[in-house]
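A short write-up of the structure that comes next.
Residue numbering restarts at 1 for every chain, and letters A, B, ... go by the order of the sequence lines. The figures that follow rest on heavy atoms only: side chains count, while hydrogens, waters and symmetry mates do not.
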There are 2 protein chains.
Amino acid sequence: MAMRKLSSTNYYNQTFLEDKCALNELIHLLSKRWLTEVMFSIEEGNSRFSSLKEDLKHISDNILADRLKLLEQYKLIVRNNHLGEVPARVEYSLTETGEKLSELLGGLCSFAENEMEFPS
Amino acid sequence: MAMRKLSSTNYYNQTFLEDKCALNELIHLLSKRWLTEVMFSIEEGNSRFSSLKEDLKHISDNILADRLKLLEQYKLIVRNNHLGEVPARVEYSLTETGEKLSELLGGLCSFAENEMEFPS
DNA sequence: ATTGAACAACTCCTTAAAAAGTTAGTGATG
DNA sequence: CATCACTAACTTTTTAAGGAGTTGTTCAAT
């Protein structure tokens, strides 16, 4: 999706923060739009590209593909290629780490809903 | 810091997700660079603009000002203007909600450090 | 007593970089 | 030839950074 510029202050500051604390790296991942929704949707049983696409109405193909790739890279989901079966298909599911993260995010979510006040 | 374009798909999707679940709104806030670090720094006792600036070496004035304003709007910190005293000064501190969030983020942080594997 | 430099806590404007979205297209399978 | 699971190229929108300027107070020298 386009190369990053390694010489910018922008990049420097980001890596500075990510080196300082892993939380920054995690938040940066989670902040990619649709990413948590993709995770939750997989958790709820939408295991295929097309059903995820249908479930997350407004997501576009390239973004969904990118988010799946990211989640896989970070070992939060696994990609299963069922080549032997007819029809051949790809299925995604959460890893243990993914499930644990999902649980933690559940906690954050109820905090957000019950204890935060979002301005106008 | 510049107006948002309300007619874009970008904006539409963001509000769609934020309406769907408050977690998205919270993550969007947390993903603003330096924001969590500003919170933690205040928690550790850096209560003034200048000491925060010093603590977070590479942050620039306008970003620090913006993050403080955001944190205040979301009621995670309070701004105290000590006008009566000499020298007059401004002090920031965490609210109860802010402290609670900080604790939750602590949990996420140890998850990130201990259970996640970040690619290369 | 007034001028001036220094600092605190910002704001405003511009530019650069990253992220999201749009459109079109690919290769495999049935 | 239609569907699935994508990829690539391009445009638009958003975010971060850079730098100058502002208001108000303190302290020191003229």
Side-chain angles (χ1 to χ4, degrees), chain A residues 1-18 24 27-35 37-38 46-54 56-72 79-92, chain B residues 1-18 24 27-35 37-38 46-54 56-70 72 77 79-92:
Chain A
M1 244 179 164
M3 206 72 91
R4 266 201 89 152
K5 191 164 182 192
L6 306 179
S7 65
S8 61
T9 305
N10 188 316
Y11 177 75
Y12 175 85
N13 280 349
Q14 191 189 321
T15 55
F16 167 78
L17 289 172
E18 292 184 354
N24 287 310
I27 287 178
H28 186 241
L29 177 67
L30 296 176
S31 75
K32 259 101 201 313
R33 196 174 290 171
W34 302 101
L35 191 133
E37 297 296 331
V38 172
N46 297 299
S47 56
R48 307 186 55 185
F49 195 92
S50 46
S51 60
L52 288 164
K53 228 182 99 153
E54 206 178 330
L56 307 169
K57 285 195 199 64
H58 308 292
I59 199 170
S60 48
D61 287 23
N62 61 341
I63 298 289
L64 176 54
D66 178 74
R67 298 304 118 99
L68 287 167
K69 201 171 290 175
L70 275 171
L71 286 167
E72 201 194 350
R79 183 182 190 278
N80 269 295
N81 210 326
H82 300 262
L83 283 171
E85 301 168 34
V86 238
R89 65 206 150 75
V90 176
E91 280 198 339
Y92 297 95
Chain B
M1 246 180 159
M3 207 72 88
R4 265 199 91 156
K5 192 161 180 194
L6 305 181
S7 65
S8 61
T9 305
N10 190 313
Y11 177 75
Y12 175 84
N13 282 348
Q14 190 189 321
T15 54
F16 168 78
L17 290 171
E18 292 184 353
N24 286 309
I27 288 178
H28 186 241
L29 176 67
L30 296 176
S31 75
K32 260 107 204 306
R33 194 174 291 170
W34 301 103
L35 191 131
E37 296 296 330
V38 172
N46 296 299
S47 56
R48 305 185 56 185
F49 194 93
S50 45
S51 59
L52 288 164
K53 230 183 96 152
E54 206 177 329
L56 307 169
K57 284 195 200 65
H58 308 291
I59 200 171
S60 48
D61 287 22
N62 59 344
I63 299 290
L64 177 54
D66 179 74
R67 298 303 119 99
L68 287 168
K69 202 172 289 175
L70 275 171
E72 202 194 349
I77 62 172
R79 182 182 191 277
N80 270 296
N81 208 327
H82 300 261
L83 285 171
E85 299 165 35
V86 235
R89 65 205 149 75
V90 174
E91 279 198 341
Y92 297 96

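B:Ser8 has a side-chain polar atom (N or O) that falls below the 4.0 Å cut-off from OP1 or OP2 of D:dT14. For the OP1/OP2 pair of D:dC6 and a distance below 4.0 Å, the side-chain nitrogens and oxygens of A:Arg79 include at least one atom meeting the criterion. A sub-4.0 Å separation between OP1 or OP2 of D:dT15 and a side-chain N or O of B:His28 is present. The phosphate of D:dT15 (OP1 or OP2) has no side-chain N or O of A:Tyr11 nearer than 4.0 angstrom. Taking only side-chain nitrogens and oxygens, B:Ser50 comes nearer than 4.0 Å to OP1 or OP2 of C:dA9. Residue A:Arg4 places at least one side-chain N or O closer than 4.0 Å to OP1 or OP2 of C:dA18. For A:Asn10 and C:dA16, the shortest distance from a side-chain N or O to OP1 or OP2 is not below 4.0 Å. Between B:Arg33 and D:dA17 there is a side-chain polar atom (N or O) within less than 4.0 angstrom of OP1 or OP2. Between A:Lys69 and the phosphate of D:dT7, there is a side-chain N or O to OP1/OP2 separation shorter than 4.0 Å.
Side chain A:Asn62 to base C:dT22: a donor-acceptor pair is found below 3.5 Å.
Backbone-only contact: A:Lys32 has heavy atoms under 4.0 Å from sugar-phosphate atoms and none from a base. Across all strands shown, B:Tyr12 has no heavy atoms under 4.0 Å from either base or sugar-phosphate atoms. Using a 4.0 Å heavy-atom cutoff across all strands shown, B:Thr9 reaches sugar-phosphate atoms only and no base atom.
Minimum heavy-atom separation, B:Asn13 to A:Arg33: CB-NH1, 4.0 Å.
In terms of position on DNA chain D, the residue among B:Leu6 and A:Gln14 whose nearest nucleotide sits closer to the 5' end is B:Leu6.
The CZ atom of A:Arg48 sits 9 Å away from the C1' atom of D:dA5 (whole-angstrom rounding). D:dT15 atom C1' lies 8 Å from atom CD1 of B:Ile63, rounded to whole Å. Summarising the geometry, the separation between CH2 on A:Trp34 and P on C:dA19 is reported as 18 Å, rounded to the nearest angstrom. Atom NE2 in B:His82 sits roughly 11 Å away from atom P in C:dA9 (whole-Å rounding). The CZ-C1' distance, from A:Phe16 to D:dA17, rounds to 15 Å in whole Å.
Residues A:Trp34 and B:Leu17 have side chains in contact (heavy-atom distance under 4.5 Å, counting atoms from C-beta outward).
B:Asn46 and B:Glu54 share no donor-acceptor pair across their side chains, judged by distance under 3.5 Å alone.
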